[in-house]
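First listed ligand is number 1; within each ligand, the first listed atom is number 1.
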Amino acid sequence: MVRKYVYGEPFETDAVVQKIETEQGMELEVGRVSLEKGFTFSYQMADEDIVYGLGESNRGLNKRGYCYISNCTDDPNHTEDKRSLYGAHNFIVISGKKNFGLFFDYPAKITFDIGYTRSELLEVSSETADLYLYVIGGESAYDIVKQFRKLIGRSYIPPKFAFGFGQSRWGYKTKEDFQKVAEGYRKNDIPIDMIYMDIDYMQDYKDFTVNEENFPDFTAFVREMRQQGIHLIPIIDAGVKVEKGYSVYEEGVEKGYFCKRENGSEFVAAVWPGDTHFPDVLNKEARKWFGGKYDFLIAQGIEGFWNDMNEPAIFYSREGMDELLATLQKYTKEEVDRIPLEELEKVTGLANSPKDYRSFYHCVDGKRIRHDKVHNLYGYNMTRAAGEAFDELVPNKRLLLFSRSSYIGMHRYGGIWTGDNKSWWSHLLLNLKMMPSLNMCGFLYTGADLGGFGADATRDLVLRWMALGVFTPLMRNHAALGTREQEAYQFEKVEDFRGIIETRYRLLPYLYSEYMKAALRDDMYFKPLAFVYPEDSFAADVEDQVMLGNEVMIAPVYTQNAKGRYVYLPERMMLVKFSKNGEYTKQVLERGHHFVEVALDEVPMFIREGSCIPLVKAARCVEELDTTRPEMIGFEGAEYMLYEDDGITKEYEKEEHYRKLKK
Ligand code: GLC
C-alpha cells in the first residue's frame with residue numbers, strides 16, 4: 001500500500017517509475033508534516049523501533065541515534081562524525097510498533113534526524129517544501145522494501161564478467177603499467193577479469209581521450225588484454241577540461257550544453273584537469289550529447305566504465321580562488337602572522353563550497369534551475385547519460401557501469417562503489433553494514449575499495465577485506481596514489497590471496513544466480529538478519545553479519561590479529577571455510593552463539609538448514625568457468641534453482657535460464 005503526497009512544486013527526479021495519484025495532507029496516518037519552516041516531517045518513535053535505510057550512509061544498519069544529511073559530497077574522510085557521503089538515498093523504513101517506509105523524493109539537501117536531537121523523535125527536514133513524500137505500509141520491513149523496489153523499477157544488471165575480480169590503482173599510466181598488473185595476476189595464477197584505468201590513461205585528464213604516447217594503438221591494446229581474459233575499465237570524470245581545440249569542450253560551448261552562471265557564461269570549476277565545465281546532464285539534449293561521447297571508447301572495444309567526481313566535486317571555482325587571492329593580497333609579507341584565522345580558513349573552504357553550488361544553473365525543459373536545488377541529481381544524471389546512450393549504441397549488450405555519486409533512480413542505470421574509504425579495519429565493517437541498506441534503495445551492484453583507498457594497507461587487512469569482497473557483487477581492489485601497493489601479488493605468501501580470489505570464482509555461479517534473482521524480482525541480494533528471522537530478538541541487533549541470497553549468511557572477520565570471531569546463528573547452519581587449492585572444510589553448527597575460528601587464508605560462509613549451493617572449479621576469468629556439473633555443498637536432499645544466462649545480452653526472462661540442482 002503506497003500513498004503519494006505532494007507539497008509545493010516538486011522537481012521531477014524520475015526516481016519512481018510507477019504512476020500513483022497524489023494526495024495532500026498534513027496529518028498522515030503515520031507522523032505529521034509541518035510547512036512552517038521549509039518542510040518538516042515528524043514521528044514519535046516507540047522504544048522498540050528500528051530505522052533502516054538511507055543506502056550509502058555512515059554508521060550502522062539501524063540508523064537510530066544519529067543525524068544524517070543527504071547532500072552528495074566529495075569527502076574522503078569517512079570518520080564516524082560525518083553526516084554526508086557521496087550518495088543521497090532518501091528512503092527509510094521504520095520497523096517496530098508500526099511498520100512503514102518513507103521516501104522523500106527531494107533533490108536538494110535534506111536532513112534525517114533519527115533520534116539525535118531527542119531520542120524518541122524522528123524528524124526529516126528540508127529548507128524548501130517542494131517534494132513528493134511516499135508513505136509505504138506493509139506487514140514487515142522486508143515487505144515494505146520489496147514494495148518500494150517495485151515503485152522505483154528494476155535494478156541495473158551488469159554483464160557477467162563484472163562479477164569477476166578487478167584490480168585498480170590510481171597511478172597506472174602506461175600500457176606497460178597495465179601489462180605489469182596483468183602479468184602479476186596471470187603469472188601467479190590468480191583469476192582476474194578487469195583492470196581499471198584511472199585518470200592517467202587520458203590526455204591531460206580530458207574525458208574521451210587516450211594518451212597516444214602511452215597507448216600508441218589503444219584498440220590493439222584493448223584486444224590484447226581481452227585475449228588474456230581481461231577487460232579494461234576506464235574512468236570518466238564529470239568535469240570537461242577547458243581547452244581550445246578540444247572537441248568535447250568546443251562542442252559543448254557551441255551547443256550551450258554546459259552549466260552556466262547567472263550571467264549566462266559557463267561556470268568554471270577546477271578539478272583534476274584544471275579548469276573544467278560541467279555538462280548539464282539534467283538537460284535532456286545535453287545528456288544525450290554527453291552520453292554519446294562514450295562511444296569514442298566503446299568503438300575501441302571498451303565494455304565498461306566508472307563515472308567519478310560527479311557530486312560534482314569542485315576543488316575550487318574561479319570566483320572562490322579570486323576571493324581568496326584578494327584576501328591574501330591584503331597582507332604584506334611582514335603581516336602574515338596577523339592574518340585572522342577566518343581568512344585562512346578560506347583556503348580549506350575552497351573545495352565543494354555551498355556558495356559555488358549556488359552559483360551555477362541547469363536548463364531543464366527550458367527552465368533555469370539553480371544547481372543547489374537539484375544538487376543530489378548530478379551523479380545520477382551523468383550515469384543516466386551513459387546508460388541511456390548504451391541502450392542506443394549497443395541495444396542488446398550489457399555494459400559495466402558504476403558511479404561514485406548517486407540518487408535513487410540511478411540504480412536502474414548503473415551500480416556504485418562507495419568512494420574513497422581508508423585502509424582501516426573500521427571501514428571493512430562499514431562496508432558490510434552499508435550493503436543491505438544500499439540494496440533497500442535499489443543499488444545491488446555495489447562494493448567498496450577492497451583493502452582501502454587512502455592510507456597504507458597491511459597484508460592481513462587486505463586478506464580479510466578481500467574475504468568480504470568475495471561476496472560483494474563488485475569485487476575491486478583499489479588504492480590511492482602514493483599509498484602502499486596492495487595488489488594481491490605484492491605481499492608475501494601470494495597463495496593466500498590466490499585462494500581467496502579463487503573462492504570468488506568457485507562461488508560465482510551461485511553469487512551471479514542470486515544477484516539475477518534479486519534484480520529480476522525486485523528483491524535484495526544482501527539482507528539484514530532481521531528480515532529473514534523477524535521473530536528472533538537476537539537477530540534484530542546483529543549488524544556484523546548479513547544474509548546473502550536465499551541460502552547463505554556471511555560473517556567476515558573485521559578486527560586485526562583476531563583468530564576468528566563470535567557469530568550468531570539464528571538457525572542450524574553449515575559452516576564452510578574455503579581455503580587454498582580448492583579445499584574447504586564443513587561443519588554443522590546448532591542455532592545460537594559460537595566462536596568460529598577463521599585463519600587469514602580462509603573465507604567463512606554459512607549455509608542455511610535445508611539448503612545447498614553450487615560450487616565449481618576456479619578459472620582464470622569468468623568466461624572460462626565450467627558450470628556444466630557443479631559440485632553441490634550443503635544439506636543432504638536439498639535443491640537449488642540455478643539461474644544462468646549468457647551474461648552478455650538482455651534476454652533475462654527465459655525459462656531455460658533456470659536449472660534445478662540437487663544435493
Ligand atoms: C577520486 C576517486 C578515486 C580515484 C581518484 C583519481 O578520488 O574516488 O577512486 O582514484 O579520484 O581519479
Side-chain angles (χ1 to χ4, degrees), residues 56 72-79 82 84-87 166-174 177-178 181 194-211 214 232-241 269-274 276 278 297 304-316 350-352 378-380 382-383 386 400-406 410 414-424 427 430-431 434 443 445-457 465 469 472 474-487:
E56 183 185 6
C72 297
T73 306
D74 170 25
D75 179 348
N77 296 306
H78 313 161
T79 44
K82 292 298 162 70
S84 307
L85 300 176
Y86 308 91
Q167 181 63 56
S168 186
R169 181 178 174 82
W170 175 12
Y172 303 152
K173 214 172 185 154
T174 63
D177 290 340
F178 289 91
V181 179
M194 287 154 289
I195 302 181
Y196 289 83
M197 308 186 87
D198 208 321
I199 46 174
D200 297 298
Y201 79 88
M202 298 184 229
Q203 180 67 50
D204 304 322
Y205 309 134
K206 284 183 286 194
D207 280 341
F208 315 114
T209 68
V210 172
N211 183 308
N214 294 332
L232 292 171
I233 312 294
I235 196 170
I236 303 291
D237 280 349
V240 169
K241 184 173 172 67
V271 203
W272 302 124
T276 71
F278 293 137
L297 290 155
F305 299 89
W306 48 311
N307 281 348
D308 191 22
M309 307 305 276
N310 51 8
E311 293 68 34
I314 301 177
F315 295 167
Y316 57 87
L350 272 185
N352 309 320
Y378 194 85
Y380 163 17
M382 178 193 176
T383 301
L400 171 57
L401 179 63
F402 59 89
S403 171
R404 190 169 74 177
S405 186
S406 60
M410 201 205 85
I416 57 166
W417 96 99
T418 57
D420 298 346
N421 58 12
K422 293 262 192 316
S423 297
W424 295 343
H427 279 183
L430 185 61
N431 178 182
M434 256 188 212
F443 294 93
Y445 189 77
T446 60
D449 286 348
L450 301 175
F453 175 74
D456 290 334
W465 211 332
T472 58
L474 166 64
M475 184 190 190
R476 180 179 81 144
N477 175 331
H478 179 46
L481 191 71
T483 58
R484 181 180 185 183
E485 293 178 309
Q486 63 186 46
E487 293 86 357

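- Residue Trp417 approaches ligand 1 through these ligand atoms, each under 4.0 Å from one of its heavy atoms: 8 (O), 9 (O).
- Of the listed residues (Trp306, Tyr196, Tyr201, Trp272), just one forms a ring pair (Phe, Tyr, Trp, His ring centres under 6.0 Å) with Trp170, and that residue is Trp272.
- Ranked by closest heavy atom to atom 9 (O) of ligand 1, the top entry among His478, Met202, Met197, Arg169 is His478.
- The nearest heavy-atom contact from the protein to atom 5 (C) of ligand 1 is Trp170 CE3, 3.9 Å.
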Start with the C-alpha distance between Asp177 and Arg169, add both sets of side-chain angles, then the distance that settles salt bridge (Lys or Arg N to Asp or Glu O under 4.0 Å), and finish with yes or no.
CA-CA 10 Å; Asp177 290 340; Arg169 181 178 174 82; over 6 Å; no

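- In this comparison of Asp308, Asp237, Asp200, the heavy atom closest to atom 11 (O) of ligand 1 sits on Asp308.
- In plain terms, the two heavy atoms of Leu474 and Ile416 that are nearest each other are CD2-O, 4.1 Å.
- Of all the heavy atoms in Met410 and Gly415, the pair that sits closest is CE-O, 3.3 Å.
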With side-chain contact (heavy atoms from CB on, under 4.5 Å) as the test, would you mind laying out the steps for Leu450 and Asn431 before giving the verdict?
CA-CA 9 Å; Leu450 301 175; Asn431 178 182; 4.2 Å; yes

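- Among all protein heavy atoms, the one lying closest to atom 12 (O) of ligand 1 is Asp198 OD1, 2.6 Å.
- Neither the backbone nor the side chain of Tyr86 has any atom closer than 4.0 Å to an atom of ligand 1 (non-hydrogen atoms only).
- Between Asp449 and ligand 1, a contact under 3.5 Å exists for no N or O pair.
- In terms of protein heavy-atom proximity, atom 8 (O) of ligand 1 is nearest to Asp420 OD1, 2.5 Å.
- The aromatic rings of Trp417 and Phe402 lie perpendicular to each other, with more than 60° between the two planes, well past the 30° mark.
- Against a heavy-atom cut-off of under 4.0 Å, Arg404 is close to the following atoms of ligand 1: 1 (C), 2 (C), 7 (O), 8 (O).
- A tilted orientation is assigned to the rings of His78 and His427, their planes being inclined by 30° to 60°.
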